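Data block below; observations after.
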Amino acid sequence: MTYNFNTIEKKWQDYWAKNQTFKAENNSDKPKYYVLDMFPYPSGAGLHVGHPLGYIATDIYARYKRHKGFNVLHPQGYDSFGLPAEQYAIQTGQHPAITTETNIATYRRQLDKIGFSFDWSREVRTSNPEYYKWTQWIFIQLFESWYNYDNNKAEPIETLVVKFAAEGNANINAACDDTIEAFSAEEWNQFSSEKQQGILLQYRLTYLAETEVNWCPALGTVLANDEIVNGVSERGGHPVVRKKMTQWSMRISAFAERLLQGLETIDWTDSLKESQRNWIGKSVGASVTFNVNGHDEVIEVFTTRPDTIFGVSFMTLAPEHDLVSKIVTDDQKEAVNNYIEATAKRSERERMADVKTISGVFTGAYVEHPFSKEPIPIWIGDYVLASYGTGAVMAVPCGDQRDYDFAKHFNIEIPNIFEGVDISEEAFADKEATIIANSHFLNGLNYKDATKKVIEQLEALGQGNGKTNYRLRDAVFSRQRYWGEPFPVYYVNGMPQMIDQAHLPITLPEVEKYLPTETGEPPLGRADVWAWCTETNTVVSNGNINNTTVFPLELNTMPGWAGSSWYFFRYMEEAAKRGEAFASEEALKYWENVDLYIGGSEHATGHLLYARFWTKFLKDRGYVGVEEPFKKLINQGMILGTSAFVYRVEGENKFLSKGLIEGQKVQPIHSDVSFVNASDELDVEAFKNWREEFKDAEFVLEDGVYKVGREVEKMSKSKYNVVNPDNICEEYGADSLRLYEMFLGPLEQAKPWNTAGITGVHGFLKKLWKLFLENDALKVTDSEATKDNLKTLHKTIKKVEEDIENFSFNTSVSTFMIAVNELTAQKCTSKAVLEPLLVLISPYAPHIAEELWSQLGNEGSISTAAFPVFDEKHLVESSKNYPISFNGKMRFTLELPLDMSKEDIEKTVMAHEKTQEQLQGRTPKKVIIVHGKIVNIVG
RNA sequence: GCUGAAGUGGUGGAAUUGGUAGACACGUUGGACUUAAAAUCCAAUGAACAUUAGUUCGUGCGGGUUCAAGUCCCGCCUUCAGUACCA
């Protein structure tokens with residue numbers, strides 16, 4: 001029997017499925033290990049060879065951990081709500097649930113072919129009502145919570161109500177909206193229930209707020225910042241405008257400091273932690289209020305340099321700032337309005353693109369400097385962003401380059417408050433080298449002391465205090481879409497009410513069309529049965545709405561990140577026990593969190609931040625036991641496509657082979673990569689038959705063949721460089737695919753796919769097979785292993801184990817090749833060597849390993865066989881082939897015993913004829929001998 | 001601009017603590033087997049020079065440290081990814 005991979009792979013995939021080989025146990029004496037892939041969205045296009053890269057890596061690790069005696073949880077499921085299925089529904093009218101089902105079936109079929117050791121019994125789908133019941137449940141918990149900064153914890157809203165009733169809100173240290181009115185306990189107790197609810201909504205961890213959002217008219221939806229690329233929607237490329245809307249928001253900003261600090265405790269790459277740090281954007285400084293002259297208004301600013309307060313020579317407000325219209329003088333009104341109008345017209349993109357153009361207008365109004373009491377002019381300028389800080393800046397041109405440029409441009413005074421610094425050319429922003437001057441009580445102080453002192457003085461005046469600001473904004477949680485989780489919310493007099501958790505899930509209603517309504521309401525506005533009856537606690541027809549017992553339901557749905565922010569906890573529970581809770585306490589306690597998480601870096605500031613946020617929240621409320629969801633995280637690099645090009649002579653239907661194009665006017669055209677062989681030769685007939693326009697084309701060959709050009713690009717349909725894993729499995733087998741994906745290069749690095757190279761790993765598997773079987777006969781015997789056999793085996797064990805622990809899977813594939821090459825050369829037939837070798841290989845190439853394992857007479861699966869133990873004694877050498885270098889250049893090698901002393905090595909080397917030949921009579925200045933490593937002769 | 005990652009043969013890449021640069025593969029060339037092809041096996045393969053022995057150069061560029069640098073230090077260049085006027 002030859003290596004018939006198709007038969008073998010099918011056989012073992014069926015065996016694993018039938019025997020539930022990879023089912024994880026929730027009760028086990030073994031230590032637990034939880035390996036997770038980032039949640040896939042089942043797209044209609046199916047998998048290409050880039051997708052399984054991370055899955056293969058986690059699968060190898062999961063299988064390795066099983067060999068090492070761990071109880072491994074390695075689940076898979078689908079993030080199955082999402083826009084593509086909805087877009088397809090809009091176009092075709094097909095219900096997104098059906099599209100999703102079909103796509104999942106395709107995904108599953110493709111995944112199964114690759115031989116993953118997933119525990120499919122724990123599969124989850126975010127669009128399944130049994131799953132989103134608990135997404136809705138978590139939403140309710142967020143609504144019923146507030147964030148207490150005194151103990152840095154999310155607490156039940158009842159504890160806040162108790163505080164309000166007892167002491168009002170003056171001393172409450174909570175995460176809340178900026179526009180909170182102060183009230184006493186007496187006032188609170190006299191407020192109407194509606195007013196109380198309105199106030200509480202300003203404190204809840206999920207709340208309704210009027211927010212300026214990115215509205216996409218074409219999609220009829222709001223997009224998050226990370227869903228917009230270059231000012232247009234990421235999916236579809238439609239234009240996006242700013243608009244105010246009432247939206248559900250998540251108070252993630254309350255957790256900013258913990259999200260930042262938590263990074264210190266987890267094993268993620270520095271680049272990933274850095275991007276989360278930047279995203280959170282902590283800056284420490286002070287809040288300062290300036291009184292507006294002749295008005296009862298104040299301008300609050302945030303500054304990281306309160307020490308430079310005497311350098312303020314103007315204020316800048318964002319054009320959108322609320323105060324602008326109130327304070328502008330009659331003289332300046334026209335200019336200001338014109339400017340505001342002009343900036344509003346410019347898209348965000350334009351504003352971003354031209355950073356260099358300085359623009360702004362004087363409002364005519366002044367503030368009073370808190371210390372000098374001098375008047376300071378108030379300007380507006382679009383370099384100040386309404387969405388950061390307070391939307392206002394105290395401009396210190398001598399210490400900030402943007403303020404400096406603005407001042408220069410408008411001829412505003414630039415007072416110098418730094419000792420011994422020249423600011424005639426540019427601003428001076430170096431905190432460390434700062435000594436303050438011309439600043440009254442701050443003179444002579446450094447940055448640190450001046451900052452401390454000025455904050456004291458500001459506090460004494462009641463015009464400021466030390467403050468920490470975060471860039472992290474609260475996250476908008478409403479989507480104007482159909483294919484997402486419905487909110488468990490109905491409205492009484494415009495106030496949102498939670499549906500009791502006993503009545504969950506609230507399932508998606510049917511609609512006849514998946515578009516927004518004609519009046520601009522979300523698609524759920526088209527549902528006829530979408531009202532909540534508080535008597536029967538059911539969803540009823542809209543006709544019954546009377547606003548006394550039957551109320552309208554929320555029309556928005558939740559965003560994609562809702563379901564993916566907690567799915568890793570759902571996998572911990574066995575499918576049969578998922579009815580009672582999102583996961584049982586025992587299951588959560590046993591599995592704790594994800595030990596290894598692998599996925600793409602595109603989730604750095606979206607999913608990975610939200611999932612950490614929800615985990616912290618659930619921990620505070622006592623629902624889970626861990627502060628962080630993912631202990632170790634690795635980003636896999638993208639697999640790129642190797643596109644093929646043919647060259648058409650301009651204006652003719654004639655194609656020149658790659659070597660003939662120099663000096664010719666040719667147009668490169670993508671050819672489908674399947675028409676090209678490993679030697680870059682085009683199958684001209686296949687290409688001609690590809691499209692009508694090429695049918696009669698003329699091909700100019702070189703050396704009898706047509707050579708294509710190659711270029712590395714992103715793998716995509718439009719570039720005709722997509723390679724489908726199904727075809728690879730057909731032709732070479734899943735084991736070859738798995739090995740080759742790993743062999744391509746380091747996991748975290750981007751690398752091009754080139755199918756031609758797969759013959760290398762495929763040939764390796766054939767050689768491995770031949771080591772065990774020849775002409776159907778088992779070659780393996782009980783013969784004693786030779787010293788060389790054992791040496792090969794043990795150096796392989798050592799290297800492979802180190803490689804897996806370091807996620808260096810590419811180098812272990814080479815190690816296997818070397819081992820098999822050596823054992824073949826040694827004509828090894830010893831079971832004592834070949835059987836452990838199979839266990840080493842089985843995480844990488846599980847099908848062939850299972851087959852040979854059973855051919856050796858073993859019962860059951862190889863997957864839980866113990867990992868071979870490395871024994872140093874087989875690698876002990878008695879001699880070393882020393883490289884002998886002269887002035888650092890290796891000239892020859894010399895085999896010497898390892899126990900030879902340095903003196904004897906020197907003597908032997910010096911006496912050697914080749915040494916004398918190299919020295920040509922010179923006497924070396926120095927001879928360096930590093931024992932067991934190298935000899936270097938200097939001179 | 002900032003942050004992060006990376007630059008090594010024709011190609012993917014290896015070199016784990018500074019110690020024989022190019023492991024392992026692909027491709028290419030030559031050979032064996034075959035009517036032929038495929039498959040398989042053997043040999044060569046960084047560049048230049050040299051009949052051979054061998055010599056010189058060589059890890060993006062320029063310096064430096066060291067007996068010894070792909071690896072460490074300083075200064076640049078290029079590519080990729082993320083982010084974007086953050087006060």
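Everything numeric here is computed off the predicted structure, so don't read it as measured data. Chain letters run A, B, ... following the sequence lines, proteins first and then strands; every chain starts at 1.
If A:Gly888 and A:Asn881 are placed on RNA chain B by their nearest nucleotide, the residue sitting closer to the 5' end is A:Asn881. Between A:Arg402 and A:Ser275, the residue whose closest nucleotide on RNA chain B is further toward the 5' end is A:Ser275.
Out of B:C67, B:G4, B:U56, the shortest distance to the side chain of A:Arg891 is found at B:U56. Distance from the side chain of A:Asn278 is smallest for B:U3 among the nucleotides B:A23, B:G12, B:U3. You'll find that the side chain of A:Lys926 is closest to B:C67, out of B:C26, B:C67, B:A87. Distance from the side chain of A:Ile934 is smallest for B:U20 among the nucleotides B:C86, B:U20, B:A25. Ranking B:A25, B:G19, B:A15 by closeness to the A:Thr811 side chain, first place goes to B:A15.
Taken from CD in A:Glu913 to CZ in A:Phe892, the straight-line distance is 9.0 Å, to the nearest 0.5 Å. If you take NZ on A:Lys779 and CZ on A:Phe772, they are separated by 10.0 Å, rounding to the nearest 0.5 Å.
Across the strands present, B:U40 finds its partner in B:A32; the criterion is a Watson-Crick or G-U wobble pair with both atom distances under 3.5 angstrom. Base pairing of B:C57 is made with B:G46, judged by Watson-Crick or G-U wobble geometry with both donor-acceptor distances under 3.5 Å. The nucleotide B:G4 finds its pairing partner in B:C80, both defining distances of the Watson-Crick or G-U wobble pair being shorter than 3.5 Å.
Backbone-only engagement by A:Thr304 is indicated by non-hydrogen atom pairs under 4.0 Å involving sugar-phosphate atoms exclusively. Among the atoms of the strands shown, none is found under 4.0 Å from any heavy atom of A:Asp403. Using a 4.0 Å heavy-atom distance criterion, A:Thr759 is classed as a sugar-phosphate-only contact. Using a 4.0 Å heavy-atom distance criterion, A:Asp400 is classed as making no nucleic acid contact. Using a 4.0 Å heavy-atom criterion, one finds that A:Val930 contacts the bases of the nucleic acid, with or without backbone contacts as well. Using a 4.0 Å heavy-atom cutoff across all strands shown, A:Lys925 reaches no nucleic acid atom at all.
Phosphate contact (OP1/OP2 of B:G13, side-chain N/O of A:Gln749, threshold under 4.0 Å): present.
For B:U16, the base has a donor-acceptor partner in the side chain of A:Lys799 [N/O atoms by modelled type, under 3.5 angstrom].
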Item to complete: Evaluate side chain to side chain donor-acceptor pair (under 3.5 Å) for A:Glu300 paired with A:Thr289, printing each intermediate quantity in order.
Response: CA-CA 4 Å; A:Glu300 190 189 342; A:Thr289 49; over 6 Å; no
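With respect to A:Glu802 and A:Lys799, no salt bridge is recorded, no charged nitrogen being found less than 4.0 Å from a carboxylate O.
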